[in-house]
Amino acid sequence: MSDRRIAETVAGLMPRARTELAELVAFASVADPEQFPRTECEGAARWCADALRAEGFTDVSVLLTPDGTDSVYGYLPGPEGAPTVLLYAHYDVQPPLDPAGWVSPPFELTERDGRWYGRGAADCKGGFLMHLLALRALKADGGVPVHVKVIVEGSEEQGTGGLERYAEQHPELLAADAVVIGDTGNFRTGLPTVTATLRGMTMLRVRIDTLAGNLHSGQFGGAAPDALAALIRVLDSLRSEDGSTTVDGLTADQTWDGLAYPEDAFREDAKVLDGVGLIGSGAVADRVWARPAVTVLGIDCPPVVGATPSVQASARATVSLRVPPGQDAVAATELLTAHLEKHTPWGARVSVEQVGQGQPFRADTGSPAYTAMADAMRVAYPGQEMQTSGMGGSIPLCGTLAGLYPDAEILLIGLSDPAAQIHAVNESVSPEEMERMAVAEALFLRKYAASR
């Protein structure tokens, strides 16, 4: 049994992985029936369940979670006395946004310039294929040395908490000695990285009403209270002049003491237009990994095409707040709600509805699992040492797992390098990164088993 054999096996499996990823990407598995039929998510869930059964997993189940979505679970027994490792991914994806902005169809895996393009290719259908590759390589080289549990979530992108609540109701289901979350990525392509922190998240819908119905802007404009104008004022109150997040009572001056994120690199990664400044203050890593960040995700208002000269009676927006480690998402939700209500002008009626929430997370990077992962990545990426970064995004299940299983070691890896453009148009994955990360995961499972 050799490290080289693992790498050779994974390399030989990559054509199959491309075919399978294309099949999985073809499902428009957005976990929002208002945008895509529920059958798309159901089809993706069945695909994942069938894939686990084909690999010899027992007790494969499609779990109906409390938010009405399906998660897929499977168990693969290992040698007697071996530790148990939970592997996580999610099959649901973000909506494709503007299909016209995609160079190739969003739900058709397309190879271009050495990358595979398609919604979910990196986030996180590719993560599920990464797990399968690692397990297949181990099976071909003496067997999987640990007990493996796999959970593939069906509503991670919506943040509606179905799997978190299901896990709380069935605490024995996901219990493990170590957890590998395959939903982050390397700081740079070719630079092996584990993620040490995640910001939590709260998502609110705010609605403002001022009139019984829309009015002619010439007859009533100037005195009639405009709900859209009121909403704009409320949303503007969430940022200071330099763009820093300003939610009343919420601390926003934390600093990051790990891997630096140079401003030039960030501008390139984010594709900031020439002459446009970044928002906020402090180091870039402070802003994206260690501090809260508010984002207006959408506004319900008349589109420009077809708009009439009317004073708007109602307006609505979805607001997201990323919550850094050290802060509580529930408390942050309360502060954000109070802020929206307080800053609504003109006595307008305001209602706030919570639609998603997840706690931040901080990993114990000094644990034996991290040592095993560092050794594995050193082999998978010759000449490179494992780096530790933060991530500004949220994986709500991490906080749930940490609370349910305080002794479990939780590692975060994945395929979402900066070029992946997750959540944007033209999302892609590097097949080379998929191959190397699958090798790293396989070697990690072997080294972790040997260390126990």
Side-chain angles (χ1 to χ4, degrees), residues 7 10-30 44 47-48 51 87-97 99 101-137 150 152-153 156-157 180-195 268-271 377 380-381 384 387 389 391 393 395 412-442:
V10 171
L13 289 168
M14 287 304 294
R16 177 184 175 186
R18 187 195 186 286
T19 298
E20 291 176 321
L21 184 60
E23 294 174 359
L24 192 51
V25 164
F27 294 102
S29 50
V30 178
W47 193 98
C48 294
L87 306 179
Y88 167 91
H90 63 85
Y91 68 78
D92 71 303
V93 298
Q94 288 287 337
L97 302 175
W102 286 77
V103 175
S104 51
F107 297 109
E108 181 180 315
L109 194 70
T110 305
E111 187 167 355
R112 189 168 63 252
D113 300 324
R115 296 183 70 92
W116 298 342
Y117 286 81
R119 176 57 91 221
D123 183 24
C124 177
K125 293 176 178 180
F128 181 55
L129 266 296
M130 177 185 72
H131 293 325
L132 292 180
L133 281 167
L135 295 174
R136 288 167 180 167
V150 169
V152 193
E153 188 172 3
E156 192 274 344
E157 297 291 8
V180 179
I181 303 289
D183 192 23
T184 60
N186 289 340
F187 182 68
R188 284 279 171 268
T189 304
L191 184 65
T193 310
V194 292
T195 301
E268 181 177 351
D269 293 342
K271 295 179 171 57
M377 286 184 163
Y381 290 80
Q384 297 284 356
Q387 302 295 313
S389 74
M391 191 175 89
I395 305 175
L412 296 102
I413 60 173
L415 304 174
S416 299
D417 59 25
Q421 295 191 179
I422 64 172
H423 294 201
V425 298
N426 299 311
E427 177 183 344
S428 69
V429 69
S430 164
E432 293 181 355
E433 289 295 81
M434 179 183 288
E435 180 178 335
R436 287 183 287 197
M437 289 303 297
V439 171
E441 181 169 283

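It should be emphasised that the depicted structure is a prediction, and the values quoted were computed from it without experimental measurement.
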Subject >> Residues that Glu432 engages under side-chain contact (heavy atoms from CB on, under 4.5 Å), provided they are two or more places apart >> reply: Ser430, Arg436
Original post:
Residues two or more places apart in sequence or in another chain: which of them pass side-chain contact (heavy atoms from CB on, under 4.5 Å) with Glu435?
Top reply: Val10, Ala11, Met14
Does the side chain of [X] reach to within under 4.5 Å of the side chain of [Y], using non-hydrogen atoms?
X: His131; Y: Glu441; value: yes
X: Val425; Y: Pro106; value: no
X: Glu153; Y: Asp183; value: no
X: Val93; Y: Phe107; value: yes
X: Met130; Y: Val429; value: no
X: Thr184; Y: Ile395; value: yes

Subject >> side chain to side chain contact (heavy atoms under 4.5 Å, CB included) evaluation trace for Tyr117 with Val103 >> reply: CA-CA 9 Å; Tyr117 286 81; Val103 175; over 6 Å; no
**OP:** Start with the C-alpha distance between Ile422 and Cys124, add both sets of side-chain angles, then the distance that settles side chain to side chain contact (heavy atoms under 4.5 Å, CB included), and finish with yes or no.
**Re:** CA-CA 9 Å; Ile422 64 172; Cys124 177; over 6 Å; no
Can you name the closest pair of heavy atoms from [X] and [Y] and give their distance?
X: Pro192; Y: Gly190; result: CD-O, 3.6 Å
X: Met377; Y: Thr193; result: CE-O, 3.8 Å
X: Met437; Y: Gly414; result: CG-O, 3.9 Å
X: Ala121; Y: Leu109; result: CB-CD1, 4.1 Å
X: Gly185; Y: Thr195; result: O-OG1, 4.3 Å
X: Arg115; Y: Asp417; result: NH2-OD1, 3.0 Å

Original post:
Got more than 12 heavy atoms from elsewhere within 6.0 Å of CD, Glu111?
Top reply: yes
Hey, what do you get for [atom1] ([X]) to [atom2] ([Y]), rounding to the nearest 0.5 Å?
X: Leu412; Y: Tyr88; atom1: CG; atom2: OH; answer: 10.5 Å
X: Arg136; Y: Leu13; atom1: CZ; atom2: CG; answer: 6.5 Å
X: Glu20; Y: Leu133; atom1: CD; atom2: CG; answer: 8.0 Å
X: Asn186; Y: Gln387; atom1: CG; atom2: CD; answer: 10.0 Å
X: Glu156; Y: Ile181; atom1: CD; atom2: CD1; answer: 9.5 Å
X: Ser29; Y: Glu157; atom1: OG; atom2: CD; answer: 9.5 Å

Original post:
Could you walk me through whether Leu129 and Leu415 pass the side chain to side chain contact (heavy atoms under 4.5 Å, CB included) check?
Top reply: CA-CA 10 Å; Leu129 266 296; Leu415 304 174; over 6 Å; no
**OP:** Only pairs at least two apart or in different chains count here, so list each salt bridge (charged side-chain N to carboxylate O under 4.0 Å, His left out) that has a residue in residues 116-134.
**Re:** Arg119-Glu427
**OP:** Let me see the working for Leu21 and Met434 under side chain to side chain contact (heavy atoms under 4.5 Å, CB included), right down to the final yes or no.
**Re:** CA-CA 11 Å; Leu21 184 60; Met434 179 183 288; 4.0 Å; yes
**OP:** Verify, without hydrogens or angle tests, whether Trp102 (side chain) and Pro96 (backbone) share a donor-acceptor contact under 3.5 angstrom.
**Re:** yes
